[in-house]
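In this chain, residues are counted from 1 in sequence order. Values below: every heavy atom of this structure, side chains too, minus hydrogens, waters and symmetry copies.
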Amino acid sequence: MDLNVTAPFICSQVFGREMIKARKGSIINIASIAGLRGRDPTAYDSVVYSTSKGALVNFTRDLAVKWARHHIRVNAICPGFFVTPLNQKLYERNKENIDSRIPLGHVGGADDLKGIAVLLASDASGFMTGTVIPVDGGTVAW
């Protein structure tokens with residue numbers, strides 16, 4: 001909860017003060033598809049992680065509404081399964097099971113979040129706030 005909820009809250013306070021003064025800004029939170037729905041425990045079994053990411057999703061939406069009047073956009077990216085040092089062993093044990101639950105048939109790679117981050121940081125997303133965007137190979141579409 002400290003890393004996934006409290007830290008984004010504190011960062012938003014600190015950087016938000018300057019954004020409010022400037023009357024513009026963009027906050028991009030990194031949530032997870034785990035915060036959008038329940039997860040099959042055979043693939044990934046962590047209620048605490050899902051709970052914290054769900055809190056971040058709703059924090060994003062609520063802050064977007066409250067800070068829109070200051071011209072600050074607040075959005076979230078919700079990655080699906082990406083292999084990291086923390087989940088490498090889990091993925092190696094369950095690769096076939098995890099990959100089979102992703103419509104594109106594979107986990108996310110190193111370049112798969114860059115485009116959406118650039119979009120949300122740029123003026124090209126000037127009319128987007130409170131959005132929660134899955135980048136998950138189609139997982140939440142099922």
Side-chain angles (χ1 to χ4, degrees), residues 1-20 22 24-142:
M1 295 301 286
D2 285 344
L3 177 65
N4 293 334
V5 181
T6 304
F9 176 80
I10 291 169
C11 287
S12 294
Q13 282 184 319
V14 170
F15 294 107
R17 286 184 190 109
E18 297 306 312
M19 292 178 188
I20 288 170
K24 69 177 184 173
S26 176
I27 294 172
I28 305 168
N29 289 318
I30 305 300
S32 169
I33 63 168
L36 301 176
R37 63 184 194 141
R39 308 233 2 229
D40 179 347
T42 64
Y44 201 84
D45 192 17
S46 178
V47 172
V48 174
Y49 179 79
S50 297
T51 300
S52 68
K53 291 301 188 171
L56 183 57
V57 165
N58 283 320
F59 168 72
T60 297
R61 289 177 173 144
D62 198 48
L63 190 61
V65 171
K66 291 181 173 50
W67 283 6
R69 67 180 181 213
H70 301 294
H71 307 282
I72 298 169
R73 296 174 291 108
V74 186
N75 296 290
I77 299 170
C78 291
F81 203 102
F82 283 70
V83 179
T84 69
L86 291 175
N87 66 15
Q88 177 75 39
K89 289 181 183 176
L90 170 75
Y91 182 66
E92 289 170 4
R93 285 192 310 267
N94 296 307
K95 181 182 186 321
E96 187 175 310
N97 184 23
I98 292 168
D99 287 350
S100 72
R101 296 171 188 284
I102 302 169
L104 287 179
H106 61 87
V107 298
D111 293 331
D112 291 326
L113 298 175
K114 292 177 182 178
I116 194 63
V118 169
L119 171 67
L120 293 176
S122 75
D123 290 338
S125 63
F127 199 56
M128 295 173 70
T129 195
T131 60
V132 177
I133 303 170
V135 179
D136 65 353
T139 303
V140 296
W142 277 359

Just verifying a value: how many Å separate [X] [atom1] and [Y] [atom2], rounded to the nearest 0.5 Å?
| X | Y | atom1 | atom2 | result |
| --- | --- | --- | --- | --- |
| Ile72 | Lys66 | CD1 | NZ | 13.5 Å |
| Ser46 | Asn87 | OG | CG | 11.5 Å |
| Leu36 | Lys53 | CG | NZ | 11.0 Å |
| Cys78 | Leu113 | SG | CG | 10.5 Å |
| Arg93 | Ile98 | CZ | CD1 | 9.0 Å |
| Thr60 | Ile28 | OG1 | CD1 | 11.0 Å |

Please tell me if the side chains of Val107 and Asp99 come closer than 4.5 Å, counting only heavy atoms from C-beta onward.
->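 Contact flag for Val107/Asp99 side chains = yes.
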Quick one: are Leu119 and Ile116 in side-chain contact, heavy atoms under 4.5 Å?
->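 Leu119 vs Ile116: side chains touch.
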Could you tell me whether the side chain of [X] and the main chain of [Y] form a donor-acceptor pair under 3.5 Å?
| X | Y | answer |
| --- | --- | --- |
| Thr131 | Ile133 | no |
| Asn75 | Gly130 | yes |
| Ser100 | Asn97 | yes |
| Arg73 | Leu120 | yes |

For atom CD of Glu92, is the number of surrounding heavy atoms from other residues, nucleotides or ligands below 6.0 Å larger than 12?
->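 Count over threshold, so yes.
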Return the minimal non-hydrogen interatomic distance between [X] and [Y], and the atom names on each side.
| X | Y | answer |
| --- | --- | --- |
| Ala31 | Ala76 | CB-CB, 4.4 Å |
| Ile77 | Pro79 | O-CD, 3.3 Å |
| Phe82 | Gly109 | CE2-O, 3.2 Å |
| Arg37 | Trp142 | NH1-O, 4.0 Å |
| Ser12 | Trp67 | O-CH2, 3.2 Å |
| Met19 | Ser26 | CE-O, 3.7 Å |

Stepwise side-chain contact (heavy atoms from CB on, under 4.5 Å) check, Leu63 with Phe9 = CA-CA 10 Å; Leu63 190 61; Phe9 176 80; over 6 Å; no
Where do Thr139 and Phe81 land on the side-chain contact (heavy atoms from CB on, under 4.5 Å) test, with the steps shown first?
-> CA-CA 9 Å; Thr139 303; Phe81 203 102; over 6 Å; no
Take Ile27 and Asn29 through the side-chain contact (heavy atoms from CB on, under 4.5 Å) test and state the conclusion after the steps.
-> CA-CA 6 Å; Ile27 294 172; Asn29 289 318; 3.9 Å; yes
Give the intermediate values and the outcome of side-chain contact (heavy atoms from CB on, under 4.5 Å) for residues Asn4 and Phe59.
-> CA-CA 11 Å; Asn4 293 334; Phe59 168 72; over 6 Å; no
